Protein chains: 4
Amino acid sequence: MPAEPNGRPSPSPSFTVPESEPEKRRAILHAAVKVFAEKGYHGCRIADVAKQAGVAYGLVYHYFQNKEELLESVFAEQWTIFITSLRAISEGPGGAPEQLAGVCRFAIDVFRTAPAAVRVLLLEVARTPNAFRAGSTRQTFEDAVAIVAGIVRRGKERGEVRPDADPVVVAAGLLGALELTLTGMVVGLLGGTSEEDIERVKKGVVDLVLGGVAAR
Amino acid sequence: MPAEPNGRPSPSPSFTVPESEPEKRRAILHAAVKVFAEKGYHGCRIADVAKQAGVAYGLVYHYFQNKEELLESVFAEQWTIFITSLRAISEGPGGAPEQLAGVCRFAIDVFRTAPAAVRVLLLEVARTPNAFRAGSTRQTFEDAVAIVAGIVRRGKERGEVRPDADPVVVAAGLLGALELTLTGMVVGLLGGTSEEDIERVKKGVVDLVLGGVAAR
Amino acid sequence: MPAEPNGRPSPSPSFTVPESEPEKRRAILHAAVKVFAEKGYHGCRIADVAKQAGVAYGLVYHYFQNKEELLESVFAEQWTIFITSLRAISEGPGGAPEQLAGVCRFAIDVFRTAPAAVRVLLLEVARTPNAFRAGSTRQTFEDAVAIVAGIVRRGKERGEVRPDADPVVVAAGLLGALELTLTGMVVGLLGGTSEEDIERVKKGVVDLVLGGVAAR
Amino acid sequence: MPAEPNGRPSPSPSFTVPESEPEKRRAILHAAVKVFAEKGYHGCRIADVAKQAGVAYGLVYHYFQNKEELLESVFAEQWTIFITSLRAISEGPGGAPEQLAGVCRFAIDVFRTAPAAVRVLLLEVARTPNAFRAGSTRQTFEDAVAIVAGIVRRGKERGEVRPDADPVVVAAGLLGALELTLTGMVVGLLGGTSEEDIERVKKGVVDLVLGGVAAR
DNA sequence: GATGAATGAGGCTTCATTCAT
DNA sequence: CATGAATGAAGCCTCATTCAT
């Protein structure tokens, strides 16, 4: 978990965030997620973030070196949460089928809870051309693939997964299927975002990944 | 192949030159594919495209209204080729399993042939935030999903596909799996781009989509 | 003389500047001299220069990489003129005393003709902290010293100059004396800028350098 | 005149600590000298000064109205020392030749001792464009010229100096020669800063000012 | 058709200064 | 006295777009 060691002194009021970090820094980060999700990296202006966060323009630069670092932070944080949960699933109970289904369910549930955050991850991460695939972004993307691949590998060892499946390819495929499916929902291609629709999509993806499309 | 790709009102007065498209216009389009692929839409400047095409600055604006239209044209062209082929597959011989496998093979083969073009589609299409998903881009994306969904639907009718599969979800999932897999290759996550690697990935995706991961 | 090889095509109308250079580029350079002289490097904004030159903001960046390059160009040009004249004097007729006197007269005359340009050289060149003393600025400054030092050296060889005089020190001293004297005039410390005042100062500097202050 | 350098209204209530000046105020002043010397007035940020002084950001503003006042204070202090010494020389023993030589020696010795401080004076004082030549800076500069001019004037009365020498012009010339010579040393144009080099330069300047370059 | 000079709004970033603690 | 978070005006630079030739 983050717990950045910048020794920022807890300003006291809230204790919602343990390793307390300046309230306004958090506000900026939150605002960035939202604005970013709405307008994308290039469409989002620092001014928008500041306004959304209710802070002065310059304060953004007090906490972040520049626009890129701000957005890297957003990514890092979002992915960190996602990765942490993936890891929890992979280390939790159940066989590969259950865990993979869990991954799908989790991803889609997150989307239901915080669509903006998901949108950020989906629309920008790992697709941004070379320049941005720099630091943490790339790393965390690989982490996600690695974790899922791990689930598959162990499934093979236990005979739960087809022996000829390539773990990494399956992992990438699974995440890709999830992603485009979610994108489809974001975009409105797969129906709305009603409970029912979401449930239907969730089932569809899980079935696809586990059982494939072929009739038995 | 695209009999008459995008309905440009042939600006030339006579019919003497049938498929007449100014040589330089084509050069610009080609250049745009390359530059977009390398730097992304926002990262590339009109000047870059012009230079790459070996053409004067202003000429780009002679042939295209503005940057966005240029982008749209690039997409339209690329997608047109892709969509046309998808359609050919879907209208061709074979049942759903064969056709879906064909889609996967085709997509990956295209990538082997013209990685730059694929990269453009992958990195920009359908991920560009709302504002840009304007015209044809969105449309062609939906077309692709629709065609694949059609394959699935007909497969269900013939009993080749599990009756509870949701065609659209499956289609989105398939394309997503393809996409992230390709991205993984672009990025170097799934090994290099040797014949062997590509073959392995191709098989992996086809198996995943058709049979799922679960051991029978 | 400059004659930059950017192959700029002579725009035709005037033929005042042989190795013709875009009229507006020149306008910008002129404007920069003026604004620069008035406000100094840091006080001068690109917007001021553009306005003064009667061109659009962006055009400045069409001709110059950035602010620093613009001002380097101003320096280079001014110094080039100055250096060229110094060299002419040093290669011209007369002994060291006459030539040194010539240098003083020339410098002060230039000031009378183009005080703004002189002000630029005086107030900024060679005094600007490390960062700026970069490229040409530093070089041309050294050139000036070298040329004057050359005059002194040859004077020694011909016995016109005290045999124990250190050419470089004398050169630096001479230019320094000139400079602060001119600064004094710029600033108003040495009286106004009437013909008479200038004549008086000119004589004073020449006498100081040639004969020193000591009564014979 | 500067009996009490810069009229700071001693903020401390009692007289118990005579020349009481807060330790940190002094630290800031010292730091400012160094930072100004390194980066120049415009190139240095208040933050730099604070950091160099090992003091909190805002404290600078506790002791000085603003950046300009800080600069003025630095100058005032440095010049005060310089002016005081000049005055001591001018009021001390010896004729004009000895005193002028003394001025040169003193200036160069100071440089040897505290090059940073000298650099500040050289690179900023009296060259800052009109806007800044405001308060004390300008004044002290004029003071220096006046004192040296005084030495020359009295020399003329005693017949030690050529009767046609203009005191103010000579003074400006002398200081200018000194200045550019020192700059040359700072910049590395006149050799290094070894004892020997300094000695050579010192002699060169004294000879130039007293005897001129012409062979007798 | 073709060229590239010219335009100018928009956005990022810096940094002096203020203020609450 | 000290601290450093907060503010926001100011300026540099980019780059899509226009236009005269």
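Only a predicted model underlies this, so the values are computations on that prediction, with no experimental measurement involved. By convention in this document, chain letters (A, B, ...) are assigned in the order of the sequence lines, proteins followed by strands, and residues within each chain are numbered from 1.
- Because its NZ or CZ atom is not both nearer than 6.0 Å to the ring centre of C:Tyr61 and within 45° of the ring axis, C:Lys67 does not count as a cation-pi partner of that residue.
- As rounded to whole Å, 15 Å separates atom C1' of F:dG8 from atom NE2 of A:His62.
- Taking CD1 of A:Ile46 as the start and CG of A:Leu59 as the end, the distance is 11.5 Å to the nearest 0.5 Å.
- A side chain to side chain contact (heavy atoms under 4.5 Å, CB included) with A:Val33 is found for exactly one of A:Gln78, A:Glu38, A:Gln52, namely A:Gln78.
- Side-chain contact check for B:Arg25 versus B:Phe64: some heavy-atom pair is nearer than 4.5 Å.
- A distance of 11.0 Å separates CD of A:Glu23 from CD1 of A:Ile28, quoted to the nearest 0.5 Å.
- Rounding to whole angstrom units, CG of residue C:Asp48 and C1' of F:dA10 are separated by 12 Å.
- Nearest-nucleotide assignment on DNA chain E puts the 5′-proximal partner with B:Lys24, out of B:Lys24 and C:Lys24.
- In this structure, CG on B:Leu71 lies 9.0 Å from NE2 on B:His42, to the nearest 0.5 angstrom.
- Annotated stems with DNA chain F as a participant read E:2-21 with F:2-21, given as range with range, by first number; only runs of 3 or more Watson-Crick or G-U pairs under 3.5 Å qualify.
- With F:dG4, F:dT7, E:dG1 as the choices, the nucleotide that has an atom nearest any side-chain atom of D:Ala56 turns out to be F:dG4.
- C:Tyr63 has no side-chain polar atom (N or O) that falls below the 4.0 Å cut-off from OP1 or OP2 of E:dA5.
- Between C:Phe75 and C:Phe36, a ring centre-to-centre spacing shorter than 6.0 Å is recorded.
- Looking at D:Asp48 and D:Arg45, a side-chain N of the basic residue comes within less than 4.0 Å of a carboxylate O on the acidic one, giving a salt bridge.
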(request) Sugar-phosphate atoms are those with a prime plus P, OP1 and OP2; base atoms are the rest. Using that split, label each nucleotide of nucleotides 16-21 of chain E B, S or - for protein heavy atoms under 4.0 Å, 5' to 3'. (result) BBB---
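- Taking atom CG of A:Leu70 as the reference point, atom P of E:dT13 lies 10 Å away to the nearest angstrom.
- As rounded to whole Å, 12 Å separates atom C1' of E:dT3 from atom CD1 of B:Ile28.
- Between the NZ atom of D:Lys51 and the P atom of F:dT3 there is a distance of 15 Å, given to the nearest Å.
- Here the CD-CG distance, from B:Gln65 to B:Leu70, works out to 12.0 Å after rounding to the nearest 0.5 Å.
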